[in-house]
Amino acid sequence: MRLSKFFLPTLKETPADAAIVSHQLMLRAGMIRQESAGIYSWLPLGLRVLKKVEEIVREEQDRAGAVEMLMPTIQSAELWRLSGRYDDYGDEMLRIRDRMDREMLFGPTNEEMITSIFANFCRSYKDLPKLLYHIQWKFRDERRPRFGVMRGREFLMKDTYSFDLTEEDAKHSYNRMFVAYLNTFARMGLRAFPMKAETGPIGGDLSHEFIILAENGESEVFCHRDLLDLPAPGLDVDFDGDLQSIVDERTQFYAATEDVHDEQEFAKIPEDKRVSARGIEVGQVFYFGTKYSEPMKARVSHPEMGEVPVHMGSYGIGVSRIVGGLIEAFNDDAGIIWPRSVAPFAVGILSMRPGDGATDAACDSIYEKLQQAGLEPLYDDTKTSAGAKFSKMDLIGLPDQIIVGPRGLAEGKVEVKDRATGERIDLSPDQAVANIINRHRHSLI
Ligand code: 5CA
């Protein structure tokens, strides 16, 4: 992409109404624009990151054996009356009427709809187990939308739903998602820790929130320090094999969100191992048994058990929230520093003198070679000052930069800069291309 053709409305000033660094940087880097409280347009740069995050989430769901589908944003009130949640959900639900005066709502989550779909098509234990997911916009009329996309009213969620014959089978599905989540966040360079959590309006009695530690996090969390040292299980984990030991390894340690925190239990941890910190909830998993299948008649027949309601769980990831969470984790005074796996473009090419024959030829050639290698370069071909180019490129946080100017070219050199370390090296244009390709091939995140 050539910057002259792209749409990157960056801001020089830090917007006064943005309280935390990720919200400030998303506005300054031209990633989002606020349309109403908690409702955002995703501008091209922001959308590219959102899609990268979404794709990692999708790949790890697929790897864990979940099957993708898509349910609508608008749901009928009737469906929610079946579970009893239409009245219970309260002011967070955006209720709307259609032209026939039918009561509708903008879905805050999809337990009812998926249970109804399951009940419609599945009647036998042979249909089990099932893990279905979608990635869809949700609306929750939050009392205090804030921190930009971190607590929005309209937000993108991945939600998976599991259907099993027994509680034991359902726990295996729960473990599948638990393990998939550890890998999903690790692929983005994030360390997310499972912590015991309250079940709230989703219901049930078993739930973990996945928390990334961050100064500006909304949640207060408490855990054993040793939990923080455990590495992600790795992408070669066998999802049909023993997942319980991976889950047990993590749940052996005390880790709780504020709502379920137990001071007495926490006090039993040696003092130097007690961590109390702030965090961002990037995902949550729930097991809620037959809470929805019972009233909504999602039953299967089994030769020995007869007709039984299925055991269910649901598993959410805040896809749009993660974009803010990533910036909280990866930034410095100059701007964002994207991990390579989620960067909107892999590399920036900065032309120090557009219009100069040798500079244009070198930039064009580097641009083409990187594209041919399957990397996405953003080529700053605009006629702005070098200083403005450097600060814009640092602000938007592409992991690597190639700086091309007539002075260097006269000696056969361009400059390659690593955004995270600030390290700069002089290389020939071909070496620079090879170097960038290498960095991306060998990067785990
Ligand atoms: N149905 C279940 C799981 S499928 C559910 O709705 N779970 S949830 O309420 O915990 O939401 C799932 C994830 O969505 C949360 O972990 C969080 O990362 C994200 N999320 C929730 N509310 C918001 C919000 N207002 N803005 C941005 N992300 C949110």
Side-chain angles (χ1 to χ4, degrees), residues 20 22-23 26 32 34 36-40 42 50 53-54 57 61 66 68-69 71 75 80 83 85 89-94 106-115 131-163 173-174 176-178 180-181 184-185 188 190 192-204 206-212 214 217-219 221 257 259 279-288 291-292 312-326 328:
I20 60 171
S22 59
H23 188 196
M26 284 184 84
I32 52 169
Q34 183 177 317
S36 297
I39 302 181
Y40 294 88
W42 288 78
L50 188 67
V53 170
E54 183 182 333
V57 170
Q61 286 297 299
E68 187 171 10
M69 58 183 291
M71 291 178 271
Q75 310 183 21
W80 283 65
S83 70
R85 276 208 299 181
Y89 216 93
D91 289 341
E92 268 197 23
M93 180 183 276
L94 180 64
F106 197 124
T109 176
N110 284 61
E111 279 79 8
E112 283 77 0
M113 189 173 282
I114 196 77
T115 308
L131 266 171
L132 300 170
Y133 76 98
H134 77 162
I135 301 174
Q136 178 60 292
W137 292 91
K138 308 284 154 115
F139 196 95
R140 294 182 185 172
D141 205 349
E142 300 276 353
R143 185 191 298 275
R144 285 191 69 193
R146 55 183 183 156
F147 300 157
V149 300
M150 295 261 251
R151 180 161 299 276
R153 292 198 295 167
E154 192 185 43
F155 60 96
L156 189 61
M157 192 204 286
K158 183 287 297 175
D159 41 334
T160 308
Y161 301 90
S162 64
F163 302 87
S173 295
Y174 187 92
R176 268 183 201 260
M177 287 298 116
F178 192 106
Y181 278 24
T184 301
F185 299 120
M188 300 171 194
L190 294 173
F193 306 106
M195 310 224 175
K196 270 221 171 77
E198 207 171 56
T199 54
I202 306 292
L206 172 63
S207 181
H208 288 92
E209 283 184 17
F210 283 75
I211 302 278
I212 57 171
E218 275 191 300
S219 320
V221 295
T257 61
D259 297 332
I280 301 166
E281 175 205 333
V282 285
Q284 188 166 3
V285 293
F286 302 84
Y287 165 68
F288 43 71
K291 174 177 171 177
Y292 300 90
M312 292 177 57
S314 73
Y315 316 89
I317 289 185
V319 176
S320 48
R321 175 178 286 183
I322 286 174
V323 178
L326 280 162
E328 286 297 326

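Index from 1, following the sequence. Start at 1 and go down the list; that is how both ligands and their atoms are numbered. Hydrogens, waters and symmetry mates are skipped; everything else that's a heavy atom, side chains included, is used.
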task: Look at ligand 1 and say whether Gly283 reaches it with a heavy atom at a distance under 4.0 Å.
output: yes
field: Pair Ser219, Glu281: side-chain N/O donor-acceptor within cut-off below 3.5 Å
entry: no
statement: Ser83 meets the side-chain contact (heavy atoms from CB on, under 4.5 Å) criterion, sequence neighbours left out, with Arg85, Glu112, Tyr292, Met296
message: Distance under 4.0 Å to a non-hydrogen atom of Tyr315: what atoms of ligand 1 satisfy this?
response: 3 (C), 4 (S)
field: Glu111 and ligand 1 - part of the residue with a heavy-atom distance under 4.0 Å
entry: side chain
query: Of all the non-hydrogen atoms in the protein, which one sits nearest to atom 10 (O) of ligand 1, and at what distance?
result: Gln284 OE1, 3.1 Å
- line: Judged by heavy atoms only, the candidate from Glu209, Arg140, Lys158 nearest atom 21 (C) of ligand 1 is Arg140
message: If we check side-chain contact (heavy atoms from CB on, under 4.5 Å) with Phe288, which of these qualifies: Ile202, Thr199, Leu206?
response: Ile202
Proximal candidate to atom 29 (C) of ligand 1 [heavy atom criterion; set Phe210, Phe286, Phe288, Phe155]: Phe155
- prompt: Should the pair Tyr181 and Phe185 be assigned to parallel (<30°), tilted (30 to 60°) or perpendicular (>60°) ring geometry?
  reply: perpendicular
field: For Glu218, side-chain contact (heavy atoms from CB on, under 4.5 Å) partners two or more places apart
entry: Arg146, Phe147, Arg151, Arg321
query: Which one of Arg321, Arg146, Glu218, Met157 has a non-hydrogen atom at the shortest distance from atom 12 (C) of ligand 1?
result: Met157
field: Ligand-side contact atoms (ligand 1) for residue partner Gly316, heavy atom cut-off under 4.0 Å
entry: 3 (C), 4 (S), 12 (C)
task: State whether a side-chain donor-acceptor pair under 3.5 Å links Ser207 with Gln284.
output: yes
From NZ (Lys138) to CD (Glu154), nearest 0.5 Å: 12.0 Å
- prompt: If you measure from each non-hydrogen atom of Val149 to ligand 1, which part falls under 4.0 Å: side chain, backbone, both or neither?
  reply: backbone
- line: of all protein heavy atoms, closest to atom 26 (N) of ligand 1 is Gly152 N, 3.1 Å
task: Using the six-membered ring wherever Trp is involved, compare the ring planes of Trp137 and Trp42 and label them parallel, tilted or perpendicular (cut-offs 30° and 60°).
output: tilted
- prompt: Nearest protein heavy-atom contact for atom 27 (C) of ligand 1: which residue, which atom, what distance?
  reply: Met150 O, 3.3 Å
query: Under 4.0 Å from any heavy atom of Val282, which atoms of ligand 1 are there?
result: 16 (O), 18 (O)
task: Identify which of Arg151, Glu281, Arg153 has a heavy atom lying nearest to atom 18 (O) of ligand 1.
output: Glu281
query: How close does the nearest protein non-hydrogen atom get to atom 19 (C) of ligand 1, and which residue and atom is it?
result: Gly318 CA, 3.6 Å
query: Between Phe106 and Phe139, how do the two ring planes meet: parallel, tilted or perpendicular, split at 30° and 60°?
result: tilted
- prompt: Which atoms of ligand 1 have any heavy atom of Asp159 under 4.0 Å away?
  reply: 4 (S)
Option with minimal heavy-atom separation from atom 2 (C) of ligand 1, where the choices are Ser207, Pro108, Ser314: Ser314
Ligand-side contact atoms (ligand 1) for residue partner Ile202, heavy atom cut-off under 4.0 Å: 1 (N), 2 (C), 5 (C), 6 (O)
query: For the side chain of Arg153 and the backbone of Ile39, is there at least one donor-acceptor N/O pair under 3.5 Å apart?
result: no
task: Return the orientation label for the Trp80 and Tyr89 ring planes: parallel under 30°, perpendicular over 60°, tilted otherwise.
output: perpendicular
